[in-house]
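Below: the structure, in structure tokens.
On a predicted model such as this, the values are computed, not experimentally measured, just so you know.
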Amino acid sequence: MTGSRVSDLAKELGIAPADLVATLNDLGVAVPGIAAIIDGDTAQAVREMYAQPADGGRVAEVAASATVKDLATALSVSAADLQKKLMAMGILSGITQRLAPDVAKQLAAAYGYTLKVKAPEIKAAAAAPQRHKGPGGGPTVRPPVVTIMGHVDHGKTTLLDAIRNTKVVDGEFGGITQHIGAYQVEVEYEGEKRKVTFLDTPGHAAFTAMRARGASVTDIAVLVVAADDGIMPQTVEAIDHARAAEVAVIIAINKMDRPDANPDRIKTQLMEHNLVPREYGGDIECLPMSAKTGQGIEELLELLAFQADVMELKADAHGKASGVIVEAQQEAGKGPVATVLVQEGTLRVGDCIVCGLAHGRIRAMMNERGDRLTKATPATPVEVLGLSMVPMAGDKMIVVKDEREARQTAEKRAEHQRAARLTKVTRVTLEDIRRRIQEGAAKELLIVLKGDVQGSVEAVAGQLQQLPQEEVSLRILHSGVGNIGENDVMLASAAEAVVIGFNVRADQQAQMAAQRENVDVRTYQIIYELTESVERAMKGMLAPIYEEIPLGTAEVRAHFRTPRGVIIAGCYVTSGKILRNAQVRIRRGRDIILESRIDSLKHIKDDVREMAQGFECGMVIGDYTEVQTGDIIEAYQMREVER
């Protein structure tokens with residue numbers, strides 16, 4: 001059976017080429033692009049998967065990468081029943097394990113269903129003519145912003161160096177990146193030249209520091225792992241930071257030229273951190289490559305361009321520009337120099353800008369090669385000169401009308417910052433969780449966990465996961481061994497989490513960062529004290545439970561209106577007592593006609609706090625204007641019940 005081109009098969013099936021590529025990748029068939037040729041057997045299998053069932057049959061629609069739980073939901077059966085059938089087939093499977101298409105088909109047939117694979121919920125890449133702005137303006141496709149992260153000496157900058165065909169590392173001390181850099185390169189993809197913007201960070205710390213200041217600039221994170229070294233502690237931190245940022249992750253298995261390179265071991269290690277490679281049924285791309293020899297560079301660039309197509313990244317290049325500061329420093333002879341990543345609009349020389357507390361008019365603008373530019377479009381990084389001071393990485397950049405407005409805006413921000421410093425409020429503490437929930441925050445407690453040894457960390461994590469989570473979920477963003485460091489605090493700051501340490505302490509940098517970023521750091525020596533504190537916090541996150549406490553009843557025997565138009569109900573207390581400001585329920589016969597509150601309570605002409613059974617009183621009840629003789633007023637209070 002002859003092969004088929006991906007684009008032709010997609011047209012035959014009536015689906016988007018990008019959808020078909022995603023489906024094939026879910027099935028473990030590596031497809032570099034829509035022009036690739038797949039073999040005849042695979043093409044026929046895909047045709048059967050997308051085939052329409054016969055009329056009248058029951059259809060179960062699932063994704064190509066459906067798990068046991070997904071299929072159980074589609075078949076309207078319990079996951080336990082499916083697991084029993086799988087055991088009868090000789091397959092042991094957890095409810096979150098992905099099923100092979102043929103196995104899923106057999107299970108569906110056993111329940112009288114025809115299995116239909118639905119396309120992934122992504123859209124096809126934009127057509128070529130839409131890549132250029134039309135005369136009417138509006139959003140256009142923008143380049144993706146990619147961050148390179150990973151363990152020290154695993155080849156982050158060397159990889160970027162290979163992409164840019166320069167020798168940055170040779171001129172740097174110790175081969176370690178000294179500053180954040182932003183670069184843009186051109187990629188050949190599907191016969192077109194696409195641009196990709198790279199942020200080269202000295203690690204995940206700067207990446208997270210920007211997120212902590214509200215700057216979410218990255219679309220895709222490329223995690224570099226050395227093939228001869230494997231997953232290291234900083235790699236795990238980078239994974240957790242990227243996951244917390246909710247960005248797409250691509251694994252670059254670097255140093256494949258080394259004789260002891262072992263990519264399979266790395267893929268196995270990735271699964272231990274819930275990153276499942278495509279080869280094992282997951283959705284994480286793992287590219288073997290060598291920054292030294294150039295192996296895999298083209299594949300990585302093509303994958304980035306494809307991922308950008310799938311994500312449909314767009315920005316409006318018209319109007320005033322806005323963006324974020326990637327890095328900034330004071331340079332001799334230049335003054336404050338800031339690297340700006342434009343996110344919306346077009347930035348031009350002569351524009352008046354505000355970046356945090358800094359302001360000024362752009363005197364000059366340069367790209368990473370030192371070329372002078374007159375304008376910069378979305379996803380373009382540029383160095384700008386002309387600011388009044390050095391801004392902070394992560395500060396938002398906006399264009400304003402003139403220098404006067406820029407100065408006034410910067411001064412207002414400085415005043416707000418001073419006021420905020422005087423009334424500093426911690427981002428998240430275990431005490432103020434309920435307040436945050438009442439303000440509409442999500443019912444989820446995020447934790448960064450550190451312990452003295454791996455056994456302690458696992459034990460504490462296990463105890464925390466056993467806490468009741470019916471209404472409030474607990475998620476451990478990152479766990480590790482050793483003292484609490486600045487990176488842990490910055491991750492908690494960015495994700496609005498709490499840092500918890502067991503038998504460890506926070507180092508000096510972490511304490512300073514916690515004070516600066518207003519992060520709650522807790523340390524414990526006894527495990528049950530730790531779990532009790534967290535459990536109390538989770539109970540505090542729950543919406544409080546209230547119960548009604550009856551107070552008394554009164555009967556309306558007269559009513560009259562004051563000269564000011566206020567309706568007063570003349571009542572006789574028939575049971576219990578009536579309190580001022582109590583909540584009331586007004587009954588007329590069997591019907592409840594109003595629920596309100598007692599605004600005023602009088603006995604003859606005196607204001608009173610309460611009236612007991614057998615006494616007469618006058619009440620003013622909220623907006624109760626339709627008073628009738630014979631209405632029954634039931635007074636009660638609501639009391640919070642401890643959960």
Side-chain angles (χ1 to χ4, degrees), residues 6-7 10-11 15-22 25 31-36 119-148 160 163-164 182-199 215-222 245-250 283 285 297-324 326 340-348 365 367-368 373-382 396-397 399:
V6 172
S7 56
K11 186 176 181 180
I15 61 175
D19 293 346
L20 181 55
V21 170
N25 287 333
V31 180
I34 63 174
E121 295 185 1
I122 55 178
K123 298 180 180 179
Q130 296 176 333
R131 299 191 184 282
H132 308 286
K133 62 186 180 184
T140 57
V141 174
R142 67 164 174 83
V145 180
V146 181
T147 296
I148 309 288
L160 190 59
I163 293 172
R164 293 183 297 136
Y183 313 93
Q184 201 168 59
V185 299
E186 281 193 344
V187 179
E188 283 283 347
Y189 181 70
E190 293 186 349
E192 293 184 10
K193 286 190 175 182
R194 310 279 186 86
K195 289 183 177 180
V196 178
T197 300
F198 287 92
L199 299 184
S216 299
V217 298
T218 304
D219 302 310
I220 306 169
V222 175
E246 298 181 348
V247 299
V249 176
I250 294 174
D283 55 0
E285 292 285 356
I297 300 295
E298 291 299 325
E299 289 80 356
L300 174 63
L301 294 176
E302 186 175 343
L303 181 59
L304 292 172
F306 172 73
Q307 184 69 30
D309 267 3
V310 172
M311 296 170 74
E312 290 193 322
L313 303 171
K314 292 185 177 181
D316 192 349
H318 300 79
K320 292 182 178 179
S322 62
V324 66
V326 177
V340 177
L341 179 67
V342 181
Q343 294 177 303
E344 292 285 342
T346 299
L347 187 65
R348 294 178 170 83
M365 202 158 56
N367 62 16
E368 70 274 8
L373 303 176
T374 57
K375 64 179 182 178
T377 52
T380 302
V382 288
K396 298 293 179 66
M397 183 278 301
V399 173

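Looking at heavy atoms from C-beta onward, Val146 lies out of side-chain contact with Ile250 at the 4.5 angstrom threshold. Two residues are said to be in side-chain contact when any heavy atoms from C-beta on lie closer than 4.5 Å; Pro143 and Val196 fail this criterion. A heavy-atom distance below 4.5 Å is not found between the side chains of Val187 and Leu304.
Between Val145 and Ala379, the shortest heavy-atom distance links the atoms CG2-CB, 4.3 Å. Here the shortest heavy-atom pairing between Lys320 and Val399 reads CD-O, 3.7 Å. Nearest heavy atoms, Arg194 versus Asp309: NH1-OD1, 3.2 Å.
In this structure, the separation between CG on Leu341 and OG1 on Thr380 is 8.0 Å, given to the nearest 0.5 Å. For the atom pair CD of Glu344 and CZ of Arg142, the computed distance is 8.0 Å after rounding to the nearest 0.5 Å. Once rounded to the nearest 0.5 Å, the distance linking OG1 of Thr374 with CG of Leu347 reads 10.5 Å. How far CG of Leu303 is from CD1 of Ile220: 7.5 Å, rounded to the nearest 0.5 Å. Separating the OG1 atom in Thr377 from the CG atom in Asp316 is a distance of 12.0 Å, to the nearest 0.5 Å.
For the side chain to side chain contact (heavy atoms under 4.5 Å, CB included) test, no residue two or more places apart in sequence or in another chain qualifies with Glu299. Looking at residues two or more places apart in sequence or on another chain, you find a side chain to side chain donor-acceptor pair (under 3.5 Å) between Gln184 and Thr197.
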